[in-house]
There are 2 protein chains.
Amino acid sequence: MSADTSNDGCEDTREAIMKATYRALRDNGTADLTIQNIADEFEKSKSLLYYHYETKDDLLIEFLSWLIDRNAEFLEGDDVETTEEFVSAMIPRDVDDERAGFRAAFVQMRAEAASDPAYREQFTQYDRLYRETLVGLIEQDVEAGRLREVDTDALADVLLSTIDGAMLRYATTDDDVMPTTREGADRLLASLRGEE
Amino acid sequence: MSADTSNDGCEDTREAIMKATYRALRDNGTADLTIQNIADEFEKSKSLLYYHYETKDDLLIEFLSWLIDRNAEFLEGDDVETTEEFVSAMIPRDVDDERAGFRAAFVQMRAEAASDPAYREQFTQYDRLYRETLVGLIEQDVEAGRLREVDTDALADVLLSTIDGAMLRYATTDDDVMPTTREGADRLLASLRGEE
DNA sequence: CATTAGTGACTGAATATTCAGTCAGGTCCG
DNA sequence: CGGACCTGACTGAATATTCAGTCACTAATG
């Protein structure tokens with residue numbers, strides 16, 4: 001019982017449910033994200049989903065946190081210490097399949113936030129976190145002389161929008177927009193470094 | 001008879017259905033976009049929706065075209081002749097309510113494209129159109145000396161990603177990301193004009 | 001003109017289907 | 001035993017879809 005983040009096999013099962021939800025979302029889209037579809041991706045039964053989560057909404061809310069945490073892990077892998085490294089990590093030149101699927105899932109959850117306050121709250125936090133991270137990196141870069149003086153807020157926002165936009169376009173388009181966008185972002189940063 | 005885009009009340013009705021769908025989507029979100037909700041926004045009966053469209057999916061596919069066309073109209077209103085004007089039109093400093101609702105609807109439809117091929121096809125076309133528009137504007141600007149020599153493709157992609165990202169963040173967040181993003185984009189273009 | 005037949009737009013009520021959520025009970029392990 | 005974990009069959013409500021029939025209007029006919 002109890003709501004603490006305790007140990008044992010229970011957590012394994014919940015993790016498996018999150019992964020199943022991820023696969024179901026990636027392959028079917030939010031429109032067809034039914035409990036049944038999640039169960040189909042899950043080794044155990046549909047009823048078990050209700051043993052671990054009160055309602056579908058409950059499950060999905062937790063899934064959103066899980067997905068956002070998962071996203072943060074991409075950053076932790078590479079150690080990011082400059083603005084440029086941040087951009088590189090978020091707009092990779094070559095996108096592996098795992099991350100492609102991830103982006104598809106992420107974008108679909110995010111769009112829900114346009115009409116669901118609970119989701120919106122989460123993505124607002126998410127957005128602020130990344131924005132502040134970026135502001136911190138830019139300030140460090142300026143101090144260290146790696147970037148010339150800039151309007152930090154404006155640069156952070158434009159970079160974050162570019163990153164999110166690249167993800168959205170990548171996930172909803174047949175064209176490979178990542179490399180060119182990355183190229184453009186690199187050039188932008190280069191020009192702010194004083195290079196011509 | 002015949003399938004041409006002729007006159008009469010039929011087209012009026014279909015237009016009314018599109019508007020009703022728009023309102024239903026804006027207010028309820030894709031998750032709750034039911035035929036009933038559309039019918040509630042529609043002056044005529046629910047059955048009539050099936051008189052004019054085979055299925056809900058059919059209706060929604062046509063709605064997507066309608067929505068994309070509607071979006072293009074925002075550009076035609078203001079006459080856009082430079083890259084900067086394009087960016088201004090797409091990332092307005094003050095967002096009126098009508099366009100806010102529009103963005104919410106648009107983003108939600110777009111996210112569907114991550115898992116639905118028919119939607120994806122439409123947004124791929126949409127993306128290409130805007131990208132090419134942007135490439136054309138940038139080339140003109142360079143020729144006219146309004147912009148220094150740049151990698152046209154990279155700049156077009158980074159601008160389009162910024163625009164789409166600003167829209168996504170605006171629609172899914174409680175913070176007002178438009179003004180700062182716009183500020184950053186303006187500065188970027190200013191620096192490409194040679195100004196410091 | 002009056003009547004008949006025909007048609008497209010439209011409706012309300014009925015049907016078909018999907019889906020979240022329940023429940024009675026099973027298994028395994030201390 | 002008793003509790004944690006798990007299942008398959010089931011249900012009710014929501015939802016998409018169908019359908020028999022109405023209504024306003026037009027064209028043709030005598």
Side-chain angles (χ1 to χ4, degrees), chain A residues 1-25 27-64 108-109 112 115-116 118-119, chain B residues 1-25 27-64 108-109 112 115-116 118-119:
Chain A
M1 214 131 299
S2 79
D4 57 324
T5 52
S6 59
N7 46 326
D8 67 28
C10 181
E11 284 309 308
D12 285 353
T13 305
R14 289 171 77 102
E15 177 68 16
I17 292 176
M18 292 296 102
K19 283 181 177 160
T21 307
Y22 164 69
R23 266 172 268 133
L25 174 58
D27 299 343
N28 302 306
T30 17
D32 290 350
L33 187 62
T34 67
I35 287 284
Q36 188 59 58
N37 280 334
I38 296 173
D40 290 346
E41 296 290 341
F42 183 42
E43 43 174 355
K44 311 275 177 74
S45 74
K46 179 174 93 166
S47 317
L48 191 57
L49 300 177
Y50 284 96
Y51 179 76
H52 288 287
Y53 298 93
E54 292 269 313
T55 64
K56 185 190 179 190
D57 276 349
D58 263 19
L59 191 158
L60 255 32
I61 290 286
E62 176 147 332
F63 174 70
L64 180 53
Q108 291 185 73
M109 289 298 280
E112 295 285 295
S115 57
D116 183 318
Y119 285 33
Chain B
M1 216 134 301
S2 77
D4 57 321
T5 52
S6 57
N7 46 325
D8 69 29
C10 181
E11 284 308 309
D12 285 352
T13 304
R14 289 171 75 102
E15 176 69 15
I17 293 176
M18 292 296 102
K19 282 180 179 161
T21 306
Y22 167 69
R23 267 173 268 132
L25 174 59
D27 299 343
N28 301 304
T30 16
D32 290 353
L33 186 63
T34 66
I35 287 284
Q36 188 59 57
N37 280 334
I38 296 172
D40 290 346
E41 296 289 340
F42 183 44
E43 44 176 352
K44 314 269 177 81
S45 76
K46 182 170 79 167
S47 323
L48 190 57
L49 300 176
Y50 284 96
Y51 179 78
H52 288 287
Y53 299 93
E54 291 270 313
T55 63
K56 186 188 176 189
D57 276 347
D58 262 19
L59 191 158
L60 256 31
I61 290 287
E62 176 146 331
F63 174 69
L64 180 52
Q108 291 183 73
M109 291 296 281
E112 296 282 296
S115 57
D116 183 318
Y119 284 34

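Atom set for the values below is all heavy atoms of this structure, side chains included, hydrogens, waters and symmetry mates excluded.
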Is A:Lys56 atom NZ crowded by more than 12 heavy atoms from other residues, nucleotides or ligands, each under 6.0 Å away? yes
Nearest listed nucleotide, side chain of B:Thr13, among C:dC10, D:dC5, C:dA20: C:dC10
Tell me: CG of A:Asp32 to C1' of D:dT15, nearest whole Å? 14 Å
In whole angstroms, how far is the P atom of D:dC5 from the CD1 atom of A:Ile17? 11 Å
Starting from the 5' end of DNA chain D, give me the residue, B:Gln36 or A:Lys46, whose nearest nucleotide shows up first. A:Lys46
When you measure from the centre of the six-membered ring of A:Phe42, is the NZ or CZ of A:Arg23 under 6.0 Å away and within 45° of the axis? no
Heavy atoms from C-beta onward define the side chain here; which of C:dG21, C:dA9, D:dT17 lies closest to that of B:Tyr50? D:dT17
What integer distance in Å separates A:Glu43:CD from D:dT7:C1'? 14 Å
Let me know the distance between CD1 of B:Ile35 and C1' of C:dT11, rounded to the nearest Å. 16 Å
Using a heavy-atom cut-off of 4.0 Å across all strands, would you classify A:Ser47 as base, sugar-phosphate, or nothing? base
Any sub-3.5 Å donor-acceptor pair from B:Gln108's side-chain atoms to B:Gly29's backbone N or O? no
Which listed nucleotide (D:dC5, C:dG21, C:dC10) is nearest to the side chain of A:Leu48? D:dC5
Whole-Å distance between D:dC5 P and A:Leu49 CG? 15 Å
Quick check: do A:Asp58 and A:Thr55 have side-chain heavy atoms less than 4.5 Å from each other? yes
Distance check needed: D:dA4 P versus A:Glu11 CD, whole Å only. 15 Å
A:His52 side chain N/O closer than 4.0 Å to the phosphate oxygens (OP1, OP2) of D:dA4? no
Between P on D:dA16 and CD1 on B:Ile38, what's the gap in Å once rounded to a whole number? 8 Å
Between A:Asn37 and A:Glu41, is a side chain to side chain donor-acceptor pair (under 3.5 Å) present by the stated rule, with each step listed? CA-CA 7 Å; A:Asn37 280 334; A:Glu41 296 290 341; over 6 Å; no
Give a yes/no on whether any side-chain N or O of B:Tyr51 is located under 4.0 angstrom from OP1 or OP2 of C:dC10. no
Given atom NZ of B:Lys44 and atom P of C:dA9, what is their separation to the nearest angstrom? 10 Å
Side chain of B:Thr34 only, please: which of C:dG21, D:dT15, C:dC19 is the nearest? D:dT15
